[in-house]
Protein chains: 2
Amino acid sequence: MATIKDVARAAGVSTATVSYVLNDSAPVSPTTRERVLAAAQQLNYQPNQLARNLQNQRSTTLALVLPPFEPEIDLGGLLRACVARATQAGYAVLVTALASDQSLAELAQRTLERGMAAGCILLQPHGADQPLNGPCVWATWPPHGTHAPAVVCDGALAAQRAVHAFQRSGRQRIGLVLAATTAGAARWYLGYRRALKAGRLPFDPELVVQSDTDDLAAGHAAGEALFAGAPLCDAVIVAGGALAVGVQQAHLRASAHAESLQLIAGFDTPLVAGAGLSALVWPVERWGQLLVEQLLNLLNGHTPPQRTCLEPSLIVRST
Amino acid sequence: MATIKDVARAAGVSTATVSYVLNDSAPVSPTTRERVLAAAQQLNYQPNQLARNLQNQRSTTLALVLPPFEPEIDLGGLLRACVARATQAGYAVLVTALASDQSLAELAQRTLERGMAAGCILLQPHGADQPLNGPCVWATWPPHGTHAPAVVCDGALAAQRAVHAFQRSGRQRIGLVLAATTAGAARWYLGYRRALKAGRLPFDPELVVQSDTDDLAAGHAAGEALFAGAPLCDAVIVAGGALAVGVQQAHLRASAHAESLQLIAGFDTPLVAGAGLSALVWPVERWGQLLVEQLLNLLNGHTPPQRTCLEPSLIVRST
DNA sequence: CTGTTAGCGCATTCAG
DNA sequence: CTGAATGCGCTAACAG
């Protein structure tokens, strides 16, 4: 636990000089610079971030705020990406989780005001109840009416991509299953309608099913609703992970007469991969990277806050 | 951004008094206590953690150190559990990730020495190259020869449980697939041998396959090795997640003659669930909780460091 | 019981 | 170019 004083003493200079060479914040003669560096090296000096941040009146930590439940994303991957990018920029990543009865604004605000982080990355799927004023970036669709910076997965692009893929393999009656919990479900619907129109396919409201949650049970229910009516659809886009597997299972159960069905899951979770479903893959790596970069920009005031949409790619699996 | 001074001024007392009532570190008269509390409330005062930690010479942050690759565990769940428990104890959670060329000891040491965290939770599947001296708790089997505190998933218990389950359903020839990357693979083997002996089942070395990694491809290879020999086994324990799915796929491919096979995956990942495999479920919630508690104990010096083994439960799925 | 004061480790003036 | 002094926000002795 060597302090800056120890280094200064060892190098025979004052603490200010040490600070200058370490932060390169003032011109220092090459010879003393060498001496200081050597002393720091030798003592294995690590500047105390707490003291540094306190002095600088700005934290070098970014906070990631998790929703109170498990989100339908590759949290591990996203976290890793954020950490990697933040580390590269000299920042650390703090993780906080929202209790189910807690307000997002409250937690974010407190984290910021306590000086624990300089900014927040928000993973809430639902909009905030109160307006946030600190430096925050949304990883999901931010509340309407605000122009908060965000980096999001765009369901419109996803739906369009899926419809095109289906059409290329000759499918005509394409269903859509939406999850109400998915922020930006409206985007999926929008992209779906657009792609149908562009592909000159008829729109049939019976082929659109709205689900409450994104889990297996909800998928079963949605599948039953979808496959009950006649004529059956021959392809389905499911804007969810577990939801898609549920739909698949419902189809297997329903069609003893072996209807052919193509299915694309909206999020390529391990569960989806295990079930052997085709799925849309979102660039998690880039997601985390952009989130951090947006936040850093916001903190430095370099660029105005932006809204970035991520594009998925399709991974085809044989069921 | 109200400081302690603002509160003191508003309440008409000194900063020390404010500190006393907020930390309950000295007796204060009820009337002034009320005044201070009211002022703090009114100004929405949040104590600056940086200053507090600097003064107290101890951080209220715990660091979670991730391995350079994606581990075969429910990172999201574990993280959430750690955060929940830490928050409850007034601690925050910092996440750092090891670069592939970085030494674990180096990263942990630096994190600690920079004052960014008071202790570390280590998620490395492989033992450390250098000895660690800071307050650290392992979430995996720690390096041999050390008596570092740890909270781990015990493969011996898992294997025993699986063998018993197989035996109850009349299986006699039980295979075992090990992943070399899984720290504590030896424990799985140990439990397997023990359970066979206890169940008076013969041990056949041909039924044990060692795999290099824990992924689908490795599972295919392991499955082929296992199902090539005759007579075939009628049950397999796979000490992995993706690995188990690979073994399953290999079996489906190999046995056109529809051999019945029971399979239990060692880790119930979403991938495993999606594939509909029976699996062992580890108590992630408790895992995170215990890791944090062990670390806090270590920091407070309340109890000596311990090694805790987690027990899995079996979830049966119909393939 | 409460106010005054001295640092925690560091970065930044201002003199030399 | 370098050193001494000041303060970031807070807590802990020590007085009163």
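Nothing here was measured: the structure is a model prediction, and the numbers come from that model. Every chain is numbered from 1 and lettered A, B, ... according to where its sequence line falls, protein lines coming before strand lines.
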Item to check | Criterion salt bridge (Lys or Arg N to Asp or Glu O under 4.0 Å) on A:D154 and A:R307, from CA distance to verdict | outcome: CA-CA 11 Å; A:D154 188 3; A:R307 183 156 308 175; over 6 Å; no

Item to check | Side-chain N or O of A:Q57 closer than 4.0 Å to phosphate OP1/OP2 of D:dG9 | outcome: yes

Next on the checklist: To the nearest 0.5 Å, what is the distance between OG1 on A:T60 and CG on A:N53?
Outcome noted: 4.0 Å

Checklist entry - In residues 32-55 of chain A, which ones come under 4.0 Å of DNA chain D, going by heavy atoms? => result A:T32, A:L54, A:Q55

Checklist entry - For DNA chain D, which residues in residues 7-24 of chain A have a heavy atom at a distance below 4.0 Å? => result A:G12, A:V13, A:S14, A:A16, A:T17, A:Y20

Which side-chain N or O atoms in residues 10-20 of chain B pair as donor and acceptor under 3.5 Å with protein atoms at least two apart or in another chain?
from, atom 1, to, atom 2, distance (Å)
B:S14, OG, B:A16, N, 3.3
B:S14, OG, B:T17, N, 3.4
B:S14, OG, B:T17, OG1, 3.3
B:S19, OG, B:N23, ND2, 3.3

Checklist outcome for this item: Nt span of DNA chain C in reach of chain B heavy atoms at under 4.0 Å, 5' end first, is C:dC1 to C:dG9

Checklist entry - Atom CG in A:L50, atom CZ in B:R52: separation rounded to 0.5 Å? => result 12.5 Å

Next on the checklist: So, taking the atom named CD in B:Q109 and the one named OG in B:S103, what distance separates them when rounded to the nearest 0.5 Å?
Outcome noted: 9.0 Å

Checklist entry - Residues in salt bridge (charged side-chain N to carboxylate O under 4.0 Å, His left out) with B:E113, at least two apart? => result none

Checklist entry - Does any pair with a residue in residues 78-95 of chain B pass side-chain hydrogen bond (donor to acceptor under 3.5 Å, both in side chains), and if so which ones, sequence neighbours excluded? => result A:E70-B:R80, B:R58-B:Y91, B:R85-B:E293

Next on the checklist: Between A:W287 and A:V151 (side chain of the first, backbone of the second, donor and acceptor by atom type, cut-off under 3.5 Å), is there such a pair?
Outcome noted: yes

Checklist entry - Is there a donor-acceptor pair closer than 3.5 Å between any side-chain N or O of A:N300 and the backbone N or O of A:N297? => result no

Checklist outcome for this item: Of B:P27 and B:N56, the one whose nearest nucleotide on DNA chain C sits closer to the 5' end is B:P27

Checklist entry - Is A:T140 reaching over with its side chain to a backbone N or O of A:Q124, donor-acceptor style, under 3.5 angstrom? => result yes

